[in-house]
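Below, each value reflects all heavy atoms present in this structure, side chains not excepted, and no hydrogens, waters or symmetry copies.
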Number of protein chains: 2
Amino acid sequence: MAYGKRRASGQVSGDEIVVEAAWLYYHDGLNQNEIADRLRVSRATVVNYLQEARENNYIRVTMAPDVFIGHKLSHQLREKFGLKAVFIVPNGLGGVQSHLTRAARGAAEWLPDLIVPGDKLGVAWGQTIYEMAELLVSSGKVTIPDVEVAQLVGSMATPYGFTAEICSAHLAQGLGAACVNLHAPAIVTNADLAQQLREEPIIKKQLAALGQCNKAVFAAGSVCANSHVVMSGIASEDDLKTYVENGACGVLCGRFVNKEGKPVSGPLDERMIGVELNKLTDLEMGLLVSVGEDKAQAMCAVMNGGYATHLVTDADTAQIILDL
Amino acid sequence: MAYGKRRASGQVSGDEIVVEAAWLYYHDGLNQNEIADRLRVSRATVVNYLQEARENNYIRVTMAPDVFIGHKLSHQLREKFGLKAVFIVPNGLGGVQSHLTRAARGAAEWLPDLIVPGDKLGVAWGQTIYEMAELLVSSGKVTIPDVEVAQLVGSMATPYGFTAEICSAHLAQGLGAACVNLHAPAIVTNADLAQQLREEPIIKKQLAALGQCNKAVFAAGSVCANSHVVMSGIASEDDLKTYVENGACGVLCGRFVNKEGKPVSGPLDERMIGVELNKLTDLEMGLLVSVGEDKAQAMCAVMNGGYATHLVTDADTAQIILDL
DNA sequence: TTTGTAATTTGACAAATGTTGACATCATCT
DNA sequence: AGATGATGTCAACATTTGTCAAATTACAAA
């Protein structure tokens, strides 16, 4: 029109009008027509502004976690396993994959509420943990001062891309926290080497840091042949069989546990580098994030073992666990 | 249809389906038809569920404060007064009242980010502060552990309903914090009585608590005849005139300050009960929330005095202040 | 100055969402 | 059994929001 004042021209941050539109829309509850009038642009432009605002994460929609914690299944699970709090995400119709993503999303929303400044948070690995970390990084950055994230198990060669160090690094980034990585493989070929590594000053220090964690996030692993422990090369199928014969029915931080959550010993124990299960029993908070029928047994085991104080899962899995 | 499973029947919390609908809509981005299909209800019902979810505050939309802090005016104000951060809310067309509400909203969203566990937060009084507190209480409850809120000035008889103790009490509630009220009037008829009151053990203790505050929230008061200091009976018009003659051009926590923000002495000083200005100069954070042309001078004074480190105002007022 | 290009805006149209009122169903109370 | 109230359904309509191709503008290269 009259004097051409395009958005980019001369502004320090050309987004002021976008912000204004977003404010009017989301806060003041005006509709797009009203906003268009005030801003003297067409309504279509307002649509664009709002999209831009959403893309730039100027707007955050979150759901009150209390709602999920209050869920009926939540009560029952809390009761059954003596947990402090349980977060149930509703399960749509998609496959397990989509359930997993939703649980991750739930966990990503909940976690910041569970962490306070000064905490040291141990992090395991797995797809769920990885997705959770990703979501924390991307969607609006939380920052809690003075938090340290520590990698609970050594690294491994997963074909999926969510190794232990990536999980911990991303989570640290997502929380704006410092990160202590564990610069060692999760498993080596013989116990001697493992022991030597554990004594290496750098690694020894990192392992010591794990003992200082007061909180932790982990997933439960199943003991099927196609489980992640096997796929990532931590255990061979034979190893797995041995452990299962000894009563293993779940995996936590690379370690096998039986129905009661007690550690099951086997050929790999001495060759692994990572946190030991007894460090995980008296945490202020142990957040278990897992989904899927195949994980149900393992989750039970982990909860029976007293490692978890908090749980995120979906309604389906919750029901299965309660029926076990 | 087949087997009647009405929402209210036997559920612990009848809202599960509402939550599910909300989740699918806001998180998974499905549209109402898809949700209706999945949930096996009509679309109309989905509309109802979503409304219910919004009414129950299951959904929170917030705007990233960074955006406002990055505003051009914000830069300039930060520069001019040496502030740490400035939050500018865009100004719609409504009257001053609506600007005030928006600033309050902005402050309500920002404040939780500025408070960390262990803080002791002093709170002044005024309409803006009151509205901010209200918003914090209503819209989704923030809880920051181990925070203490203290009432900075004694109570007064305002005709508007936002007395100092209501402001602090509500704000404490909104933050999930403990509250230290000041059980004394803001002003008494003579200096002796004031002194006696200050020596009363209970009040002495409360006043001492004010000295412990590391952060504070306050508004700037103008020195017009219709300002809140006068309307609330703290100062008579004559008192006001005296102070203005002595150079006062703003009010902070009931105390008068000149252009540079230095305290202006006058007839009321000894009769007031509340924090003294010198306690407010070395705060970790002093959040000034004010809006309106009439407040501009006072705001300048307060910022010049170094009481404020953070500011929330609207674009109009910001511009006026910069032009002064 | 002209021309090309990418960003921005816009209007017309399509899709999604909200509203209303009439009605059906079920649980509960009388 | 009948009345009542809460909840869900349906269908038509009004309102709001999203999409897309075409037009406009700023800016830089020719």
Can you tell me the distance, in whole Å, between the [atom1] atom of [X] and the [atom2] atom of [N]?
X       : N      : atom1 : atom2 : answer
B:Glu52 : D:dG8  : CD    : C1'   : 13 Å
A:Ile35 : D:dG18 : CD1   : P     : 11 Å
A:Asn48 : D:dT19 : CG    : P     : 10 Å
A:Arg40 : C:dT9  : CZ    : P     : 16 Å

Is there a side-chain contact between B:Tyr49 and the phosphate of D:dT7, meaning an N or O under 4.0 Å from OP1 or OP2?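 No, outside the criterion.
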
According to a strict under-4.0 Å criterion, is B:Thr45 in side-chain N/O contact with OP1 or OP2 of D:dT9? yes

Can you list the residues that meet the side-chain hydrogen bond (donor to acceptor under 3.5 Å, both in side chains) rule with B:His228, with sequence neighbours excluded?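 Result, side-chain hydrogen bond (donor to acceptor under 3.5 Å, both in side chains) vs B:His228: none returned.
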
Only counting residues at least two apart or in another chain, list the ones meeting side-chain hydrogen bond (donor to acceptor under 3.5 Å, both in side chains) with B:Arg78.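 Checked B:Arg78 against side-chain hydrogen bond (donor to acceptor under 3.5 Å, both in side chains); matches are B:Ser74, B:His75.
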
A:Thr62 and A:Glu109: side chain donor to acceptor below 3.5 Å: no

Sort out for me which residue in A:Met299, A:Glu293, A:His99, A:Lys295 forms a side chain to side chain contact (heavy atoms under 4.5 Å, CB included) with A:Thr317. A:Met299

In Å, rounded to the nearest 0.5 Å, how long is the span from CD of A:Gln319 to OG1 of A:Thr313? 11.5 Å

Answer yes or no: is there a side-chain heavy-atom contact under 4.5 Å between B:Val89 and B:Arg105?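 No; the side chains remain at least 4.5 Å from each other.
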
Under a 4.0 Å heavy-atom criterion, the protein footprint on nucleotides 14-19 of chain C, written with B, S and -, is --SBBS

